[in-house]
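Heads up: the structure comes next, in structure tokens.
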Amino acid sequence: MKNFKKLALMGLTAVMSLSLLAGCGGGNAGNAETPSGNSNTPSVESNTPAATGEFTTVEEGKLHMSTNAAFPPYEMTTDDGGFEGIDVEVAQAIAEKLGLELVVDDMGFDAALTAVQTGQSDIAMAGITVTDERLEVMDFSDSYATGVQVVIVKEDSPIQTIDDLANADMIGCQTATTGYIYCSDTPENGGYGEDHVTAYENGALAVMALVNGQVDAVVIDNEPAKSFVAQNEGLKILDTEFAVEDYAIAFAKGNTALKDAVNTALSELIADGTVQSIVDKYITAE
Ligand code: ARG
């Protein structure tokens, strides 16, 4: 097993006690369009940002979430052009608590990270792993899920353990992800060198390259891996885990007011079981 340590969740400040505005009375607003100022919006003056009176959002009354909706079961598109998944529903529940309407902005994974750093979106939520490098350029909420980097190979592959990965001619990863970052690192740092890694726009394309024999293995997060393996014949996930990580919601660096409000909402949604019930809807326990 590779010696990637568990990535510690760092830099999380204590949740401040905020005068949180109660959400509406139990109605399920779903994805319905909720024009600002309707009954789902807490009764604050329309120009006052919700919940803390401190944060502002890109667009008044809305919570823009940048994501890469090609990462099942965290975020994916629906047949009718909408979005679903664990991140989408947790963000929806957070937005409701803050009296905001969730708007999902779908783009490449690296673009989703850039969008939140540059203030194009309010939050980025995309199964994003907290890393020291990312903490230098963005802030993170408390963690809401654990991700594990795993290795997908063909069933008859000579690569049967993580150690065998060193013999792979080519490893496929998704652009800008931790899987790519680890694998493309130098061998001294536990990687395989850039020459042995190909970055694909999304995980499905990396898996297609594996099926077609263009790469020998794919390193990607475990839940998307399960989904891609289920969709393709003849693939399997190696038993050993490559790295264990924490997922969190990203904010622009210094956007503490929004981060605090989101952390408060998130901790309530964890405490009352909402987050777990969303996870259970998308991930069946083995
Ligand atoms: N957890 C990995 C990372 O943060 C991969 C996330 C990819 N997410 C996505 N929606 N494509 O780098």
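Computed from a predicted model, the values in this text were never measured in an experiment. All ligand and atom numbering here is 1-based and tracks the order in the structure. Any value given below was found using the heavy atoms of this structure, including those in side chains, with hydrogens, waters and symmetry copies removed.
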Check: [Y] and [X] side chains under 4.5 Å, non-hydrogen atoms:
X      : Y      : answer
Val88  : Met65  : yes
Leu165 : Tyr192 : yes
Tyr200 : Val207 : no

Same apolar cluster: Met125 and Tyr282, side chain cutoff 4.5 Å: yes
In chain-and-number order, ligand 1 lies under 4.0 Å from a heavy atom of each of Asn68, Phe71, Glu75, Phe109, Ala126, Gly127, Ile128, Thr129, Arg134, Gln174, Thr177, Thr178, Asp221, Glu245, Tyr247
Crowded around Glu233 CD? As in, over 12 foreign heavy atoms under 6.0 Å? no
So, Tyr74 versus Tyr247, ring centres under 6.0 angstrom or not? yes
